[in-house]
Amino acid sequence: MRRFNYTGRRDLKQDAVDLEVTKASDGALSVKGSVDLDAYGPWPADADVVLEAWQGPAFERFSIGRASVPKIEFQRQLTRFRGDQSPQFRVKIVSETSDRGKLLGLCQIRARRADDDRPTGSMLHVTVEPLDHEIFKLRLEENKHPVLVINENLPTETDYFGKGFALTPLFVSLVMPQIFRTVVTDVLLVRRMDEEDESPGGMWIRFARSLNTDSLPPSDDIDARRAWLEIATAEFSRCTDVMTKFRLWSIK
Amino acid sequence: MSFILRSLNEAGLEAFREYLARVRSGDNPPPPRELCSQPSTSDEVTPNVSIDLARTFPSRLEVGAYFEDVLEPIWSQRSIDADRGIWSALSLLYFDEVCPIIDGRRSVKNDDRYILLSSWDRVDRHLLRTPYVLTRIHGNNARIALSGKPYVFSEAVSQLTNRQQILTNVRLFEALDQLYMRPDGKLKRGASGKGAGSLRRLGKVIRQYDLTYDLHAMTAAEILTLLPHEFTAFKTASSTAS
C-alpha cells in the first residue's frame, strides 16, 4: 500500500529495499542489495535513487541508479566505516528536474549482516509470538539480552506487524525511549549492576554511559541513579532523533 | 618548539581525565604534557608528525588550517577523524589554547571538549578536532563555523556540526558562507544571535527539511532559494558588521 503525505513524498515499506552488509577479511565493509520501486511508481524517469549510510561521525552516500529502473541492484564499498560498526541506511528518491532536490520517496532501513540474521549490533532481540491482547511486551531475564516480543496476530494491512514494526518511525519514536529506560532501570536500580559486569546487563550500562558521561552513582544511591538514567534517556531520545521519526509518522 | 606527536593510550587518557577533574575542583597544577612523551602513557604515531608546541591560534580558523597542514602525513594514509589518542594528546599539548588561564584561573569545561570520547554523538564538541574536520571538508567555507576563539564552543555552530548529514554537505556550507559572511571575512550583523534568520535558527530550519528535500543533491543557489522568508535579510549583500 503506497502511503503519501501532504508533501507528496512516498514512504516505501521495508520490503521495497533489501540490504546486506558484508565484512571482508581485512575488516572493510561493503553493502549490496536491491531497491524495488515498481510497486510505488510511477516516478519521474530521471529521479535519482540515493543510498545513505550513517553511524556516529561516519556518513556516506551513493547514487545507485535512476527511478526509471524498476529494480535497482547495487554493491558499494563503505569506505568511511570501520568493520565493527553497524551503519543505518536510508534510500531516497530525489527529483532532478522540477523542484530539484525534493524528496519524492524515502525508506529508512537496517541492513542484514551476512554473518548474522539479527539486526546489526543489536542488544535488543526482536521476536514475534502470540500475545493475546497486548501489542508488544518486553521480556527481561537475568544474564540474557532483553527480548522485544511483537504480537504475531497484528493486522497485516499496514506496516505495523511482524519484526519490521519495531523499526517503524511510529514504534521507534513512541516506544524505544521507554524500552531503553525500562531495561536500564532493571539493570541499574533493580539488579544494581555495574558497567564492569560482563553480562548483557553490563553492556546496557556501558551503552548508557556512552550517552551520559557523568560518573555512574554508587549502587546504593537509588535517587542519584534514577536522575542519572533520566539524562541518559533524554540523550538516547535525541540521538535516536525521535522527534523527526514522530514527524515522519505523523505527517500523512 | 618542535615535538614529535605521540598518541595518548588508555593510561594517558585516564591521567588526563584526572588532571581535568583536579583543575575543575580548584587545584591548578601545570598541564601534564609529559603524558604525551612517556611510553607508559603514549604510543608512537607513524609516520612521524612534527608539531610546533609554541604555536598559538587567534581563532578556530587557524586551528583548522594548522592541523590540516601538519597532520597531512597521517590523514592522507589513514582515517584519524575518530582517533581518540591523537586528538586528546593534541588538546593536552595545546592546553593553554583550549583552556587558557583567564583572570588567574582556568575554566575547565566538560571532558568532551578536550578528550575525544568514544561516544559518537559528542565528537563535535572536541575543540581541536572539529575545526580540523570542517577545514578538511569545506576549506575557506568553513569560516562560518570557525570565527571564535579556540576555547569557545558555540551551541549555534553545533547545530551544523553535530549531524554528519549537515557537516559533510559541501554545497550547504557554500550557501552559508554566501548567506552570513561579509566580503571582509566578518560575520553579518545578527548572524550569531538568536533572532530570525540567524545561524542558530538555521540549524532548526534545516532539520525540518529532512523529510522534504535532499540538500546534498542541491546547489548552493538552490539551497538559498529554499530558505524561508526570515533569512531574506541575510540574502542581500549589504548587511553591516556584527
Side-chain angles (χ1 to χ4, degrees), chain A residues 5-9 11 47-50 52-63 79-82 85 87 90 92-96 99-106 108 169 206-215 232 235-236 238-241 243-251, chain B residues 17-18 20-21 78-84 87 109-113 115-126 129-130 132-133 137 158 161-172 175 204 206-226:
Chain A
N5 46 66
Y6 78 90
T7 67
R9 186 194 72 243
D11 291 332
D48 196 20
V49 183
V50 174
E52 289 182 345
W54 81 96
Q55 183 183 16
F59 173 76
E60 205 163 358
R61 69 183 254 137
F62 315 94
S63 176
T79 60
R80 296 187 180 273
F81 294 85
R82 299 188 313 269
Q85 287 185 283
R90 257 191 303 254
K92 296 178 172 178
I93 295 89
V94 185
S95 172
E96 282 288 305
D99 208 356
R100 215 172 80 87
K102 187 170 182 179
L103 276 182
L104 303 175
L106 180 66
Q108 307 207 76
R206 289 189 290 278
F207 175 49
R209 283 279 280 124
S210 74
L211 298 166
N212 181 356
T213 56
D214 292 342
S215 299
E235 188 63 12
F236 174 82
R238 186 188 75 82
C239 296
T240 312
D241 210 2
M243 297 296 279
T244 298
K245 289 180 171 65
F246 184 74
R247 285 207 311 275
L248 185 64
W249 166 70
S250 63
I251 297 174
Chain B
R17 205 173 284 121
E18 287 170 5
L20 293 173
R78 63 184 173 102
S79 172
I80 60 169
D81 289 4
D83 194 314
R84 300 178 66 212
W87 289 108
K109 306 300 181 185
N110 283 348
D111 286 359
D112 54 18
R113 310 284 174 93
I115 297 176
L116 189 65
L117 297 186
S118 53
S119 169
W120 57 264
D121 57 303
R122 292 181 187 267
V123 293
D124 74 302
R125 293 169 183 265
H126 193 273
R129 175 195 174 271
T130 295
Y132 157 81
V133 169
I137 297 173
S158 180
T161 59
N162 68 3
R163 296 181 76 211
Q164 288 300 303
Q165 292 91 321
I166 295 177
L167 178 114
T168 57
N169 191 331
V170 171
R171 292 178 184 136
L172 175 62
K204 294 184 174 134
I206 286 176
R207 277 179 179 267
Q208 293 172 4
Y209 288 130
D210 278 354
L211 306 179
T212 50
Y213 284 91
D214 181 11
L215 296 185
H216 276 268
M218 300 167 72
T219 65
E222 287 167 341
I223 293 171
L224 287 173
T225 302
L226 192 64

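Letters go in sequence order (proteins before strands), and every chain restarts at 1.
Shown here for A:Gly101 and B:Ala217, the closest heavy-atom pair between the two residues is CA-CB, 4.5 Å.
Atom-to-atom distance recorded for A:Met243:CE and B:Arg207:CZ is 10.0 Å, nearest 0.5 angstrom. Between the CZ atom in A:Arg100 and the CD atom in B:Glu222 there is a gap of 4.0 Å [rounded to 0.5 Å]. Distance check: A:Asp99 CG to B:Tyr213 OH gives 3.5 Å after rounding to the nearest 0.5 Å.
No more than 12 heavy atoms of other residues, nucleotides or ligands lie within 6.0 Å of CZ in A:Arg80, so this atom counts as exposed by the packing criterion.
Classification of B:Asp214 and A:Arg90 as a salt-bridged pair fails, no side-chain N sitting under 4.0 Å from a carboxylate O.
Of the two parts of A:Arg61, only the side chain, counted from C-beta on, holds a non-hydrogen atom closer than 4.5 Å to a non-hydrogen atom of chain B.
Not a single side chain to side chain donor-acceptor pair (under 3.5 Å) links B:Thr225 to another residue, sequence neighbours left out. Under the ring-ring contact (aromatic ring centres under 6.0 Å, His included) criterion, A:Phe236 pairs with A:Phe180, not counting sequence neighbours.
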